[in-house]
Amino acid sequence: MSSLDLAVIGNCMIAALVDRRAQIVWSCFPRFDADPVFSALLDSPEGRPDAEQRGVFAIDLLGMVSCEQAYLENTPVLVSRMTDAQGNVVEITDFAPRFKHLDRTFRPPMLVRRVNPIKGRPRIRVRLRPHYEWGGSPPNHTRGSNHVRYVGPQHSLRLTTDAPVSYVFEERPFVVDRPMSFFFGEDEPFRSEVDTTAREFLDQTLDFWRDWVRSLSIPFDWQEAVIRAAITLKLCNYEETGAIVAALTTSVPEAPHTGRNWDYRYCWLRDAYFVIQALNRLGTTRTMESYLAYIANIVDDMDAIPDQKDMPPLFSISRSPDLAEREATDLAGYRGMGPVRVGNAAYTQIQNDAYGSIVLASVHAFLDKRLIRTGNSALFVHLEKLGERAIEVFDQPDAGPWELRTKAAVHTFPSVMCWAACDRLDKIARAMERDDRAAYWRDHADRMHRIINERAYNPKTGTFVSSFGGEHLDATLLLLFELNFVKADDPRFIATVDAVGKTLRRGDLLLRYDVEDDFGRMHTAFMICGFWYVDALRAIGRKEEACELFERILRLRNSFGLFSEDADFTTGELWGNFPQTYSMVGLINSAVGLSRSWEEAF
């Protein structure tokens, strides 16, 4: 049965998910949002035998009784040590090559699997079964002396190996009596010796990631958790354009049998502020700068379309706003729970928080002196246009932060984000010594602040509420202090934090909201909401309680230290797309806020 106890390997061009049997069960080629040639994660009806499994790259140890797995320290290189009933042991090292070569970053769409015999005479069977067109098209095969080609309708891939090709092609068991390597990637000839290349690629990839981790700024406490989250966040970065995807998968249900199956292999503008905040705290300025450049390109795109007033809430990794949604009917779904969706119809929604998200993220381009690609007057002009749109829509209905598909209201969070757009434009203008523009944006921000205070606060409950004139709560209200809309000691905010805890908390986790939506009520908790609650508790002076809760939430990570989007608040089982950038960002930001300083620790 499929589970989210998965490891992720990657190189910021492609990524793959590896299960507890060392099988690659998900990977899209040649980039994150492309066709999943390994799709077994979403094609796993109950009871399907291995012989019928497809969309998988398995190296099976015959008679296996255990598989111990771990990342090599401070890297996304995974080692799986498999033992059979006779005590024979084989080790598989999985990685995607990434290192500096000729002053450039070498990160091809390629997976490398290196197999080493450790003890005895282990026998393995290789099952390499890519599929094309979302499970609808098995490949044709051609083979050579040391490779097999997998030819699809639009794309061809190649395995190059120094293992016996006939055994691999026929899926026939054989003894591993020497190191063997498997390179899977684009259909290009391999022009170097396989074993030597595998060893060199591995050594250089390890060096790259360890140097990258060495450059991080991390808190004293929870270092291992933060490092793993940082590496995972980096693996969700499509480095060619700077985009950071919400997750590497599509259609893992948010909860069992709910139909809440969405494609998250895209870049949500809502995530931008939180992601930039985490990257800044980690000191990963290159990644932050390239992500800001991706966002700046979106701003330029919108300025080039004068007739389009509303900012789409999400984009592809190459900035296409057209993400038409369809169902991939040839895949059964995670544990047979379809549908499997490709694309995301939320791109057509009105989500008014996008303007604030872009401006908040872009502030760094103007204020952070470490950056090479800094903000300038042209970018400021573009951002001001977004600010003008924020003024127009801050008190207008939208789909809200939770992307409701059939309901609209004037939601508090988007309204506050529109205010934040004007508030931060004031700060940018002052940094640019544009006093006239600073005064303009300050006047609008103050006016919007007064209106939101009046309409988003419910005097009967004594709390802020999720929509103007409403009475319900949602977890984004925990961010009012984080966004500088209120002070932490504001009695209204303290009362709101208390009310959110009483209303939305389930065990150690939080629901997004507790009202019916298009699909009924929520059955799992949204991981980042737990981290927002931790941050809010710390802000209002309940730090000890926040630390204890944070520690308990960390225990819900899978065996490899990773989070998905959601978790069952009773069992702790992970649900939703994986690995979830939002969840890993929440972990990083909470750890930084709670940790002792290095000076305090010594």
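Just so you know, these numbers come straight off a predicted model, no measurement behind them.
Under the side chain to side chain contact (heavy atoms under 4.5 Å, CB included) criterion, F468 pairs with D395, V410, T412, S415, I452, R455, A456, not counting sequence neighbours. Applying the ring-ring contact (aromatic ring centres under 6.0 Å, His included) criterion to W419, with sequence neighbours excluded, gives H449, F485. With sequence neighbours excluded, the residues forming a salt bridge (Lys or Arg N to Asp or Glu O under 4.0 Å) with E573 are R335, listed by chain and number.
A salt bridge links R214 with D211: the closest approach of a Lys/Arg side-chain nitrogen to an acidic carboxylate oxygen falls below 4.0 angstrom. Note on R447 versus D443: no salt bridge recorded, every NZ/NE/NH1/NH2 to OD/OE distance being 4.0 Å or above. By the 4.0 Å N-to-carboxylate-O rule, D514 lies close enough to R506 to be salt-bridged with it. Electrostatic pairing of R98 and E239 counts as a salt bridge here, judged by a charged N lying under 4.0 Å from a carboxylate O. By the 4.0 Å N-to-carboxylate-O rule, D446 lies close enough to R442 to be salt-bridged with it.
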T463/T461 under side-chain hydrogen bond (donor to acceptor under 3.5 Å, both in side chains): CA gap, chis, key distance, verdict: CA-CA 5 Å; T463 68; T461 62; 2.9 Å; yes
Using the rule given for side-chain contact (heavy atoms from CB on, under 4.5 Å), can you reason through Y334 versus T249, listing the C-alpha separation, both sets of side-chain angles and the distance that settles it, and then say yes or no? CA-CA 11 Å; Y334 181 78; T249 61; over 6 Å; no
Quick one: do W222 and F550 satisfy side-chain contact (heavy atoms from CB on, under 4.5 Å)? Show the steps, please. CA-CA 10 Å; W222 307 293; F550 180 69; 3.5 Å; yes
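Side chain of N280 to backbone of I276: no donor-acceptor contact under 3.5 angstrom is found. Side-chain N or O atoms of N261 include none that pairs as donor or acceptor with a backbone N or O of E254 at under 3.5 Å. S290 contributes a side-chain N or O that, together with a main-chain N or O of T287, makes up a donor-acceptor pair within less than 3.5 Å. Looking at T348, its side chain does come within 3.5 Å of a backbone N or O of A345 through a donor-acceptor pair. In this structure a side-chain-to-backbone donor-acceptor pair under 3.5 Å is present from T496 to F464. With hydrogens and angles disregarded, no donor-acceptor distance shorter than 3.5 Å links the side chain of E325 to the backbone of R341. With N237 contributing its side chain and I244 its backbone, the two residues share no donor-acceptor pair below 3.5 Å. Side chain of T284 to backbone of L279: a donor-acceptor contact under 3.5 angstrom is found. Remark: side-chain polar atoms of D221 are not paired, donor with acceptor, to backbone N or O of S595 under 3.5 angstrom. Of the possible polar contacts, one joining the D398 side chain to the N352 backbone as a donor-acceptor pair under 3.5 Å is found.
Heavy atoms from other residues, nucleotides or ligands lying under 6.0 Å from CZ of R430 number more than 12. With a 6.0 Å radius and a threshold of 12 heavy atoms from other residues, nucleotides or ligands, K543 has its NZ atom above the threshold. Around atom CD of E73, no more than 12 heavy atoms belonging to other residues, nucleotides or ligands sit under 6.0 Å away. Atom CD of E471 is surrounded by 12 or fewer heavy atoms from other residues, nucleotides or ligands within 6.0 Å. Applying the 6.0 Å contact sphere to CD of E600 captures more than 12 heavy atoms from other residues, nucleotides or ligands. Other residues, nucleotides and ligands contribute over 12 non-hydrogen atoms within 6.0 Å of the CD atom of E392.
Here the closest non-hydrogen pair linking S583 and S564 is OG-O, 2.7 Å.
Here the NE2-CZ distance, from H364 to R424, works out to 9.5 Å after rounding to the nearest 0.5 Å. Between the CG atom of D33 and the CZ atom of R265 there is a distance of 6.0 Å, given to the nearest 0.5 Å. Note that CG of D271 is 7.5 Å distant from CD of Q580, once rounded to the nearest 0.5 Å. From T503, atom OG1 reaches atom CG of D498 across 10.5 Å, with rounding to the nearest 0.5 Å. Taken from CG in D368 to CD in E289, the straight-line distance is 8.5 Å, to the nearest 0.5 Å.
Partner of E565 under the side chain to side chain donor-acceptor pair (under 3.5 Å) criterion, out of Y264, W262, W575: Y264 alone.
For the pair R228 and Y71, the cation sits on the ring face: its NZ or CZ lies under 6.0 Å from the ring centre, inside 45° of the axis. For the pair R492 and Y457, the distance from NZ or CZ to the six-membered ring centre is under 6.0 Å and the angle to the ring normal is within 45 degrees.
Using a 4.5 Å cut-off on side-chain heavy atoms (C-beta onward), L323 and D263 make no contact. For the pair F413/L479, a side-chain contact is recorded, criterion being any heavy-atom separation below 4.5 Å from C-beta on. Inter-residue side-chain proximity for R370 and M288 is flagged as met; some heavy-atom pair is nearer than 4.5 Å. In this structure the side chain of L292 reaches within 4.5 angstrom of the side chain of L371, judged on heavy atoms. V592 has its side chain out of reach of V226: every pair of non-hydrogen atoms, C-beta onward, lies at least 4.5 Å apart. L4 places a side-chain heavy atom less than 4.5 Å from the side chain of V252. Residues Y347 and Y266 are not in side-chain contact: their nearest non-hydrogen atoms beyond the backbone lie 4.5 Å or more apart. Between D535 and L478 there is no side-chain heavy-atom pair separated by less than 4.5 Å.
Using modelled atom types, one finds a donor on one side chain and an acceptor on the other under 3.5 Å when comparing R31 with S318. Side-chain contact check for W532 and E482: no donor-acceptor pair (N or O, by modelled atom type) lies under 3.5 Å. There is a side-chain donor-acceptor pair under 3.5 Å between T476 and D474.
Taking the ring centroids of F531 and F563, they lie under the 6.0 Å cut-off.
Ring pair H444/Y440 is perpendicular by interplanar angle, where above 60° counts as perpendicular and below 30° as parallel. Ring pair W209/W212 is perpendicular by interplanar angle, where above 60° counts as perpendicular and below 30° as parallel. Taking the six-membered ring where the residue is Trp, Y582 and F526 present perpendicular rings, their angle passing 60° and hence far from 30°.
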